[in-house]
Amino acid sequence: MLHKLDTPMSLFTQKLGAALTMEHDVLKMLEELEREARHEDIKPLFRHHAQETYEHIARIERAFAALGQEPDKKPCPAMKALRVEAKANIELAKGEIVDDVVLAAAAETEHHEIAVYEELIIYAEAMGRQDVAELMRQNLEQEQRALEKLRTAAERIAEETLQPA
Ligand SMILES: [Fe+2]
Ligand SMILES: [Fe+2]
């Protein structure tokens, strides 16, 4: 159900609900990216972050509980669009260039997640909810570390696959 965002809490729970939808879609995307990746050594990156993504979902649910609310999913079309774009580019990519596409899709997703958690932390702190901010900070830190690993992998794979002929 759509509510007007007319109180700090209604804004926060709207964004938290969208983050919950986002993380469920991230899980699906990570499974797809792991399946599509050609280099065996990048598959564990996706598998490991999928495990962390289950933790992200659990922390969002704990944040709802801390606020005395049931987890309530809200639309997150941005994440769905990232998934659609990734699928389309994977279909177009030839050979090992698939891995550049897969790593780009994952990195773009992490950037989106990072923006979402940074905002949720700002709101939770402004509302004086350090407990909820801390849960979001734990998610943020895992997203930042995931992005670092993806960047390192993207540099390595690009050097290998995108050399001029
Ligand atoms: Fe996440
Ligand atoms: Fe992530």
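Atoms within a ligand are numbered from 1 in the order they appear, just like the ligands themselves. Just so it is clear, the values below take in all heavy atoms, side chains as well, and ignore hydrogens, waters and symmetry mates.
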J.: How is the N/O/S atom of His56 that comes nearest to the Fe ion (ligand 1) named?
T.: ND1
J.: What does the angle at the Fe ion (ligand 2) come to, between atom OE1 of Glu110 and atom OE1 of Glu143, rounded to 10°?
T.: 70°
J.: Salt-bridged, Arg47 to Glu34, with N to O below 4.0 Å?
T.: yes
J.: Check all N, O or S atoms of Glu113 and name the one closest to the Fe ion (ligand 1).
T.: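 Considering only N, O and S atoms, Glu113 comes nearest to the Fe ion (ligand 1) through OE2.
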J.: Between Lys28 and Glu31 (salt bridge meaning N to carboxylate O under 4.0 Å), is one present in this structure?
T.: no
J.: Do any N/O/S atoms of His49 come under 2.8 Å of the Fe ion (ligand 2)?
T.: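 Yes, within the cut-off.
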J.: Identify the residue among Arg129, His56, Arg62 that makes a side chain to side chain contact (heavy atoms under 4.5 Å, CB included) with Leu135.
T.: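 Output: one option passes, namely Arg62.
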J.: Quiz question: by atom type and distance under 3.5 Å, do the side chains of Glu110 and His49 form a donor-acceptor pair?
T.: yes
